[in-house]
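In what follows, a structure is listed as structure tokens, so that the remarks can point back to it.
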Amino acid sequence: MVSPLSSSDTTATNETVPLCFSINSPPFRYNHTIASASFSAVFSGLGLSSNLFALVVLAKTFHQTKSRSRSSFLLFLGGLVFTDFMGLLVTGSIVVSFHVTQFNWRQLDPHCHFCNFMGMSMVFYGLCPLLLGATMAVERFVGINRPFARSMNMSNSRACSTVAMVWVTAGCISLLPLAGLGSYHLQMPGSWCFLNISSKPLDMTFSLIFSLVGLLSLVLSFVLNTVSVITLLRVCCGQDGRQRRRDYEVEMMVQLILIMVIASICWCPLLIYILKTVVSSAPVNPHSVLFALRLATCNQICDPWIYILCQESRLRCLLRRLCCRAAGSRFATFFSGFVLPRGTRSWIPGSTSYSDVPY
């Protein structure tokens with residue numbers, strides 16, 4: 001199907017059209033309301049600066065922390081922020097370059113190597129945050145429900161290996177079109193390449209793999225995070241709340257829940273649209289795909305601010321206000337640990353001793 005906004009190069013009817021240009025072929029005629037250099041540049045610049053700032057803050061916090069569970073969680077979070085940074089750097093530079101120079105894809109990339117690279121980057125950097133979110137949900141689920149088993153098994157080196165495994169998994173999925181399963185095509189308005197959303201068997205299979213992996217990651221994150229929150233609330237409100245300090249765990253769960261919620265809001269429209277389109281064999285609407293993709297890209301900008309705004313010091317201030325309103329309740333007893341001075345590691349009500357046990 002050829003979009004009404006695109007015009008195929010018909011000067012040579014017998015010319016073999018490369019696969020990535022067989023649906024949409026440059027040059028394109030598009031409205032500047034849906035594509036502009038200034039929008040792409042500001043969008044990419046904001047995302048890159050946010051992720052870079054978050055990486056600096058994460059590195060500083062990682063060197064200061066002594067909690068094993070928190071250090072491994074920071075490694076996962078650092079892998080997420082680094083992946084978002086590289087995703088914006090790679091794809092954003094291509095998009096901005098197109099809007100500035102208006103290069104012709106057919107002339108620059110006659111064999112589709114460049115288009116395939118961008119398509120792979122879009123799939124890889126799209127799946128990584130979703131898979132990392134699910135991985136962090138598993139890590140927190142084990143850390144809260146099986147703390148002793150987790151403290152013996154999860155080390156910083158193992159956390160780094162797990163992040164690397166997520167990257168390898170997403171990379172293998174992104175390479176499937178090069179092995180013949182699916183294909184990457186130039187998309188409207190001509191500034192990016194992505195998987196071909198089609199009901200053809202091979203394209204449909206790859207589209208289903210991409211959308212289902214993303215959706216299952218979100219479902220897994222939702223289920224495990226829900227169980228972790230319920231478990232954490234039971235410990236906080238019950239008698240065990242006097243025996244275990246939970247400030248770092250509350251901080252990590254708040255960040256993880258926000259990561260899950262923002263990822264769901266940003267990615268579900270695109271993933272569900274791809275799933276619905278290939279299953280129903282409905283025609284692809286370029287404007288809907290472009291809008292859903294831009295919404296998904298917002299996830300790369302929001303992720304770093306989750307950690308920047310939801311650090312323990314800020315949660316202390318918020319929980320201190322909540323404790324003042326709920327004075328005398330069990331929540332006040334538990335969350336009173338947040339009002340301790342900086343550097344305090346553990347506090348048990350009624351005790352004068354401090355400890356540095358890494359939960």
Side-chain angles (χ1 to χ4, degrees), residues 39-55 57-58 73 76-96 118-137 140 163 166-167 169-171 173-174 187 191-195 197 207 210-222 224-225 252-275 288-310:
F39 175 84
S40 300
V42 171
F43 195 84
S44 299
L46 178 61
L48 289 173
S49 58
S50 300
N51 282 280
L52 186 60
F53 179 61
L55 282 174
V57 176
L58 280 168
F73 184 81
F76 285 118
L77 197 56
L80 174 63
V81 175
F82 177 76
T83 303
D84 289 338
F85 176 83
M86 291 302 301
L88 285 170
L89 182 64
V90 173
T91 59
S93 59
I94 298 176
V95 173
V96 173
M118 186 176 187
M120 290 168 50
S121 300
M122 297 289 289
V123 171
F124 174 79
Y125 291 113
L127 287 179
C128 276
L130 303 178
L131 293 174
L132 282 172
T135 303
M136 287 190 288
R140 280 291 79 215
V163 173
V166 171
W167 288 341
T169 301
I173 295 176
S174 68
Q187 306 290 329
S191 58
W192 58 294
C193 292
F194 194 52
L195 59 89
I197 306 174
S207 298
F210 177 77
S211 58
L212 289 177
V213 168
L215 290 173
L216 289 176
S217 298
L218 293 174
V219 171
L220 179 63
S221 298
F222 176 79
L224 295 183
N225 288 336
M252 290 185 286
M253 283 308 305
V254 169
Q255 294 170 358
L256 192 54
I257 290 172
L258 289 177
I259 289 173
M260 177 194 67
V261 171
I262 292 178
S264 301
I265 295 174
C266 293
W267 276 100
C268 278
L270 178 62
L271 297 175
I272 293 175
Y273 180 83
I274 293 175
L275 182 63
S288 299
V289 176
L290 184 61
F291 173 78
L293 178 81
R294 286 180 172 175
L295 184 61
T297 309
C298 291
N299 185 48
Q300 296 174 314
I301 298 178
C302 297
D303 278 342
W305 288 104
I306 292 174
Y307 178 75
I308 294 172
L309 297 177
C310 296

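Model, not experiment: these values are computed from the prediction.
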Exercise. Please lay out, stage by stage, how Arg294 and Phe43 fare under the test side chain to side chain contact (heavy atoms under 4.5 Å, CB included).
Key: CA-CA 10 Å; Arg294 286 180 172 175; Phe43 195 84; 5.7 Å; no
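- Inspection of the Ser50 and Trp305 side chains reveals an N or O donor paired with an N or O acceptor under 3.5 Å.
- Using a 30° and 60° split on the angle between ring planes, Phe194 and Phe210 fall in the perpendicular class, above 60°.
- Residues Leu127 and Thr169 are not in side-chain contact: their nearest non-hydrogen atoms beyond the backbone lie 4.5 Å or more apart.
- Residues Leu270 and Leu295 have side chains not in contact (no heavy-atom distance under 4.5 Å, counting atoms from C-beta outward).
- The minimum heavy-atom distance linking Pro269 with Ala292 is given by the pair C-CB, 4.4 Å.
- With rounding to the nearest 0.5 Å, the separation of CH2 in Trp267 from OG1 in Thr297 is 7.0 Å.
- Rounded to the nearest 0.5 angstrom, Leu258 CG and Ile306 CD1 are separated by 5.5 Å.
- Between Val261 and Ile265, some side-chain heavy-atom pair lies under the 4.5 Å cut-off.
- Side chain of Asn51 to main chain of Gln300: a donor-acceptor pair is present (N/O by atom type, distance under 3.5 Å, no hydrogens or angles).
- For the residue pair Val81 and Ala54, the shortest heavy atom distance occurs at CG1-CB, 4.0 Å.
- The CD1 atom of Ile197 lies 6.5 Å from the OG atom of Ser207; values are rounded to the nearest 0.5 Å.
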Quiz item: Step by step, would you call Val95 with Ser44 a side chain to side chain contact (heavy atoms under 4.5 Å, CB included)?
Solution: CA-CA 9 Å; Val95 173; Ser44 299; over 6 Å; no
Exercise. Before giving the answer on side chain to side chain contact (heavy atoms under 4.5 Å, CB included), spell out for Ile94 and Trp192 the whole-Å C-alpha distance, their side-chain angles and the decisive distance to 0.1 Å.
Key: CA-CA 8 Å; Ile94 298 176; Trp192 58 294; over 6 Å; no
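- Here the shortest heavy-atom pairing between Gly79 and Trp167 reads O-CZ2, 4.1 Å.
- A 4.5 Å side-chain heavy-atom check between Val163 and Leu132 finds at least one atom pair inside the cut-off.
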Exercise. Assess whether side chain to side chain contact (heavy atoms under 4.5 Å, CB included) is satisfied between Leu293 and Gln187, documenting all intermediate values.
Key: CA-CA 11 Å; Leu293 178 81; Gln187 306 290 329; over 6 Å; no
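- Under the 4.5 Å side-chain criterion, counting only non-hydrogen atoms from C-beta, Leu256 is not in contact with Met260.
- Of all the heavy atoms in Ser217 and Ala134, the pair that sits closest is O-CB, 3.7 Å.
- Looking at every heavy atom in both residues, Asn299 comes nearest to Pro129 through ND2-CB, 3.9 Å.
- Between the CG atom of Leu48 and the CE atom of Met86 there is a distance of 10.0 Å, given to the nearest 0.5 Å.
- Scanning both residues, Ala263 and Leu218, for their nearest heavy atoms gives CB-CD2, 4.0 Å.
- A donor-acceptor distance shorter than 3.5 angstrom exists from the side chain of Ser49 to the backbone of Leu46, with no hydrogens or angles considered.
- Within the 4.5 Å cutoff, the side chain of Leu130 has heavy atoms near those of the Leu271 side chain.
- Atoms CZ and CG, on Phe82 and Leu89 in that order, are 9.5 Å from each other to the nearest 0.5 Å.
- Going from atom OG of Ser221 over to atom CZ of Arg140 covers 14.0 Å, rounded to the nearest 0.5 Å.
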